[in-house]
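Written below as structure tokens is the structure these notes are about.
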Amino acid sequence: MEKTYLEKIEEASKFLKEKINEIPETAIILGTGLGDLINYIEDSKAIDYKEIPYFPVSTVEGHSGRLIFGVLGGKKVMAMQGRFHYYEGYDMKEVTFPVRVMQKLGIKRLFVSNAAGGMNKEFKVGDVMVITDHINLFPENPLRGKNFEELGPRFPAMTEAYSHKMINLADAIAADKGMRLMHGVYVGTPGPTFETPAEYEYFRIIGGDAVGMSTVPEVIVANHAGMEVFGVSVITDLGGKDIKEVPTHEEVQKAALKAQPNMTSLITAMLASL
Ligand code: HPA
């Protein structure tokens, strides 16, 4: 008989528990072009997604993706190298399955990163933006369907989806480092198209500062799970009615690559001061 969703979460987390000595307190999901942080994780142990029972397997990147367990900023972490995007065809339960496994493992804190297009006129390509809030424009909420009370409440509040304490910590560290750190609202869209000029304009008018194709589903589930969330966007392109540049995946990757030392040092310093 097909296993239930809860059984699949249980089996995946049991498998991981047997492989690792100590449960990390923090999980990190790395966005497009932002995988370099992995190289700073000490004493690391990698587990391929394809080894983990019921874990979705990446289809597009040529490799299956891996979980990296180790130490960053002196703290035990679990990092996801490769995430599951809704535009790839995964359903919302698959996109957010890793977050449920984190919950089952007992992980209390989630750091998420992504590459995003900037609508805020103050932003420059290469900026790092702390996500202060989001607007969910995915066609489906990952919590749609039967609610499992053991995972979280039917109607979770999203009033502080991104921990104010963590945002303040990021600001203090950026000030200390003399690092330019923007704040903004992330608009989550299904993709895979980049926006039309009118869409970038619309997202700005409704209160968005940056737009991307990920993060929101994982953050919703992490909040449902009672986890503390911190999110950053790396601004890889700019959009709006006066902007002539055409965004491409290659450009997004290049800009993310350039900005990631800033992001990595911010996250590492945050972990060190937790
Ligand atoms: N739009 C949507 N997603 C993105 C963008 C963008 O401009 N840049 C990087 N991810």
Side-chain angles (χ1 to χ4, degrees), residues 28-37 58-61 65 80-90 92 95-96 111-140 142 161-162 180-220 230-264 266-267:
I28 307 171
I29 302 178
L30 295 164
T32 301
L34 299 170
D36 184 50
L37 179 140
S58 289
T59 52
V60 284
E61 286 161 46
M80 282 181 70
Q81 192 177 25
R83 63 141 64 91
F84 305 104
H85 296 93
Y86 187 73
Y87 64 75
E88 293 175 74
Y90 299 106
M92 280 297 190
V95 169
T96 58
F111 282 36
V112 282
S113 67
N114 59 59
M119 287 89 70
N120 185 316
K121 295 184 195 300
E122 305 282 307
F123 288 4
K124 295 191 266 221
V125 169
D127 273 342
V128 177
M129 180 192 92
V130 168
I131 305 175
T132 54
D133 203 347
H134 75 219
I135 297 174
N136 178 18
L137 294 182
F138 282 87
E140 189 191 325
Y162 300 83
R180 178 176 153 99
L181 187 64
M182 311 313 278
H183 277 201
V185 173
Y186 178 87
V187 178
T189 62
T193 43
F194 290 115
E195 286 63 36
T196 64
E199 285 167 343
Y200 282 118
E201 208 62 19
Y202 162 61
F203 292 158
R204 187 179 62 79
I205 290 165
I206 63 170
D209 296 290
V211 55
M213 307 171 194
S214 67
T215 303
V216 166
E218 293 110 313
V219 169
I220 289 174
F230 176 74
V232 277
S233 291
V234 167
I235 306 302
T236 55
D237 54 281
L238 300 171
K241 65 176 168 12
D242 302 323
I243 292 178
K244 301 279 175 282
E245 287 82 12
V246 177
T248 64
H249 186 57
E250 288 67 35
E251 227 186 287
V252 164
Q253 282 177 312
K254 234 169 66 194
L257 222 64
K258 265 223 284 254
Q260 68 177 341
N262 265 341
M263 188 203 78
T264 301
L266 175 67
I267 290 180

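Whatever order the structure lists them in is the order used to number ligands and atoms, beginning at 1. By convention here, the first residue in the shown sequence is residue 1. Because only heavy atoms are used, hydrogens play no part in the values below, and waters and symmetry mates are left out as well, while side chains stay in.
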Problem - Reference residue V185; test side-chain contact (heavy atoms from CB on, under 4.5 Å); the match among I206, V211, I135 - result: I135
Problem - Set of salt bridge (Lys or Arg N to Asp or Glu O under 4.0 Å) partners for E199, sequence neighbours left out - result: none
Fill in the blank from the handout: Residues A210 and A116: closest non-hydrogen pair is CB-CB, 4.0 Å
Exercise for the section: Please list, chain by chain and in numerical order, all residues satisfying ring pair (Phe, Tyr, Trp, His ring centres under 6.0 Å) with F194, sequence neighbours excluded. Expected result: none
Problem - Pairwise side-chain contact, M119 with V187, heavy-atom cut-off 4.5 Å (strictly under) - result: yes
Fill in the blank from the handout: By chain and number, the residues contacting ligand 1 below 4.0 angstrom (heavy atoms only) are A115, A116, G117, F194, E195, Y200, V211, G212, M213, T236, D237, V252
Practice task
Using side-chain contact (heavy atoms from CB on, under 4.5 Å) as the criterion, list what pairs up with E251, not counting sequence neighbours.
Solution key: T248
